[in-house]
Amino acid sequence: MSAAMSGLKRHQLIDPVENLEDRMCTKHDKPLELFCQTDQTCVCMLCSVLDLSLIHISEVRVRPPSYERTVVRAVAQLEETLSEEMKKLFEAELKRVQQYAEDVTLDPDTAHPKLILSDDGKQVHHSDVRKNLPDNPERFSQCVIVLGKQSFSSGRFYFEVQVKGKTDWDLGVARESINRKGGITLSPQDGYWTICLRNGNEYKALAGPSVRLSLKSQPEKVGVFVDYEEGLVSFYDVAAAALIYSFTGCSFTEKLYPYLGPCPNYGGKNSAPLIICPVNQTA
């Protein structure tokens, strides 16, 4: 017997199959070359491999690769760098607008009868006692408001007001022809470009409708800057050198006056004055 015939004796013969497709895997179109003892059936090579992923897939735990942690750290560093650069830009911007500082004093002829002005015209606070004052056309009769003496009809001007210790205040600029009698609406449409604080922590830009402002810190001193020709009114947190809000695209056709509203004292809770401060320009 030849060596080839002798080698065939080691193979177990199977019954002949009329249709060879019966020896092909219907899932993967591969020959059924293996026998699965668990299922007692013939399988192809792919069946055995895929059954083994299915068995262990529930044991696989996906761990964040180290590069994700690296990306997170890089993003955090970038945010910190951007924040520092933005602060530098606002510091430079604040320094620029402070160059246009004006010596603003308050006009007693415009003050509501319950407002108390300091002798130098730099401070104002609300009193429960209504003074007997002439109701001249310039005076606010219902709202506790006072305007500055100085008016501006061109160029740029800037002033700073201390708001420390107050729970409520209004601050900004107003045009000459505003309504001063009865109730008023603070909005650009009615001639007021102002921001306000309410209830100790609610900051708004009274833009008609009002815009809620989210500030990182509570300003103790607010800077007001106006560029008449540019149609711009901007408010700054002086200590933080941060922009609070800007009215842009304004159309000014009249004189503008500094506007201060200390709001009622609410039984002493809001008795601190608004103070017009000298501008200390940083070096």
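These numbers come from a predicted model, not from an experiment.
At distances below 3.5 Å, not a single donor-acceptor pair connects side-chain atoms of Asp227 with backbone N or O atoms of Arg156. Using modelled atom types, no side-chain atom of Arg175 and backbone atom of Thr253 make a donor-acceptor pair closer than 3.5 Å. Remark: side-chain polar atoms of Ser127 are paired, donor with acceptor, to backbone N or O of Val129 under 3.5 angstrom. In this structure a side-chain-to-backbone donor-acceptor pair under 3.5 Å is missing from Lys181 to Gln142. Using a distance-only test at 3.5 Å, with no hydrogens or angles considered, no donor-acceptor pair links the side chain of Thr167 to the main chain of Asn270. Of the possible polar contacts, none joining the Ser83 side chain to the Glu80 backbone as a donor-acceptor pair under 3.5 Å is found. The closest donor-acceptor contact from the side chain of Thr81 to the backbone of Gln77 lies under 3.5 Å. In this structure a side-chain-to-backbone donor-acceptor pair under 3.5 Å is missing from Glu138 to Pro108. In this structure a side-chain-to-backbone donor-acceptor pair under 3.5 Å is present from Asn265 to Gly267.
For Arg198 and Asp170, the salt-bridge test passes: some basic side-chain N is under 4.0 Å from an acidic carboxylate O. In this structure, Lys122 pairs ionically with Asp103, as a charged nitrogen and a carboxylate oxygen lie closer than 4.0 Å. Using a 4.0 Å cut-off between a side-chain N of Lys or Arg and a carboxylate O of Asp or Glu, Lys87 and Glu84 do not qualify as a salt bridge. With respect to the salt-bridge test (charged N to carboxylate O, under 4.0 angstrom), the residues Lys149 and Asp109 do not qualify.
Phe159 and Phe247 end up in the same hydrophobic cluster when Ile, Leu, Val, Met, Phe, Trp and Tyr side chains are linked at under 4.5 Å. The hydrophobic cluster containing Val224 also contains Leu106, counting ILVMFWY residues as joined when their side-chain heavy atoms lie under 4.5 angstrom apart, directly or transitively. Grouping the Ile, Leu, Val, Met, Phe, Trp and Tyr side chains by contacts below 4.5 angstrom, directly or via other members, places Val144 with Leu197. One hydrophobic cluster holds both Ile178 and Tyr257 under the rule that ILVMFWY side chains link at heavy-atom gaps under 4.5 Å. Cluster annotation: Ile244 is connected to Tyr203 through the hydrophobic network of ILVMFWY side chains, with a link wherever side-chain heavy atoms come within less than 4.5 Å.
The distance from atom NZ of Lys164 to atom CD of Glu220, rounded to the nearest 0.5 Å, is 5.0 Å. For the atom pair CE of Met86 and CD of Glu91, the computed distance is 12.0 Å after rounding to the nearest 0.5 Å. Rounding to the nearest 0.5 Å places NE2 of His125 at 14.0 Å from SG of Cys263. Between atom CG of residue Leu260 and atom CD1 of residue Ile145 there is a gap of 10.0 Å, rounded to the nearest 0.5 Å. Between Gln99 atom CD and Leu94 atom CG the span is 10.5 Å, to the nearest 0.5 Å. A distance of 13.0 Å separates NZ in Lys114 from CG in Leu133, rounded to the nearest 0.5 Å.
Side chains of Ser187 and Leu206 form no contact here, defined as non-hydrogen atoms less than 4.5 Å apart. For the pair Ser246/Leu232, a side-chain contact is recorded, criterion being any heavy-atom separation below 4.5 Å from C-beta on. Side-chain contact between Arg130 and His112 is present, with at least one heavy-atom pair separated by less than 4.5 Å. For the pair Glu85 and Leu89, the minimum side-chain heavy-atom distance is 4.5 Å or more. Within the 4.5 Å cutoff, no side-chain heavy atoms of Val146 are placed close to those of Tyr259.
Of all non-hydrogen atoms in Pro219 and Ser217, the two that sit nearest each other are CD-O, 3.3 Å. Residues Tyr192 and Asn179 share a closest heavy-atom pair of OH-O, 3.2 Å. Closest approach of Gly223 and Tyr158 over heavy atoms only: CA-OH, 3.5 Å. Between Ser141 and Gly182, the shortest heavy-atom contact is OG-N, 3.1 Å. Considering all non-hydrogen atoms of both residues, Val279 and Ala101 come closest at CG2-CB, 3.6 Å.
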How far apart are the C-alpha atoms of Val71 and Arg69, what are their side-chain angles, what is the distance that settles it, and do they pass the side chain to side chain contact (heavy atoms under 4.5 Å, CB included) test?
-> CA-CA 5 Å; Val71 170; Arg69 292 191 292 271; over 6 Å; no

Would you check, one step at a time, whether the test side chain to side chain contact (heavy atoms under 4.5 Å, CB included) holds for Val222 with Trp169?
-> CA-CA 11 Å; Val222 176; Trp169 49 260; 4.2 Å; yes

Does the ring-ring contact (aromatic ring centres under 6.0 Å, His included) test come out yes or no for Phe225 and Tyr236, once each step is laid out?
-> CA-CA 8 Å; Phe225 172 71; Tyr236 297 87; 7.2 Å; no

Before giving the answer on side chain to side chain contact (heavy atoms under 4.5 Å, CB included), spell out for Ile275 and Val161 the whole-Å C-alpha distance, their side-chain angles and the decisive distance to 0.1 Å.
-> CA-CA 5 Å; Ile275 304 174; Val161 178; 5.8 Å; no

Apply side chain to side chain donor-acceptor pair (under 3.5 Å) to Asp107 and Thr110, showing your working.
-> CA-CA 6 Å; Asp107 185 355; Thr110 67; 4.7 Å; no

Would Asp237 and Lys221 count as a salt bridge (charged side-chain N to carboxylate O under 4.0 Å, His left out) if you check the C-alpha gap in whole Å, the side-chain angles of each, and the deciding distance to 0.1 Å?
-> CA-CA 6 Å; Asp237 180 339; Lys221 187 185 294 184; over 6 Å; no

Take Phe235 and Tyr245 through the ring-ring contact (aromatic ring centres under 6.0 Å, His included) test and state the conclusion after the steps.
-> CA-CA 5 Å; Phe235 299 84; Tyr245 186 81; 7.4 Å; no

Evaluate side chain to side chain contact (heavy atoms under 4.5 Å, CB included) for Val97 paired with Ser234, printing each intermediate quantity in order.
-> CA-CA 10 Å; Val97 301; Ser234 294; over 6 Å; no

Ser151/Glu176 under side chain to side chain donor-acceptor pair (under 3.5 Å): CA gap, chis, key distance, verdict | CA-CA 9 Å; Ser151 65; Glu176 186 175 32; over 6 Å; no

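Ring to ring, Tyr100 and Phe157 are not that close: their centroids are 6.0 angstrom or more apart.
Checking Gln162, Lys166, Gln123 one by one against Leu274, the side-chain contact (heavy atoms from CB on, under 4.5 Å) holds for a single residue, Lys166.
Judged purely by distance below 3.5 Å, without hydrogens or angles, the side chains of Ser153 and Glu254 never pair a donor atom with an acceptor atom.
In this pair, Tyr228 and Phe252 present their aromatic rings tilted. The plane angle is within the 30 to 60° band.
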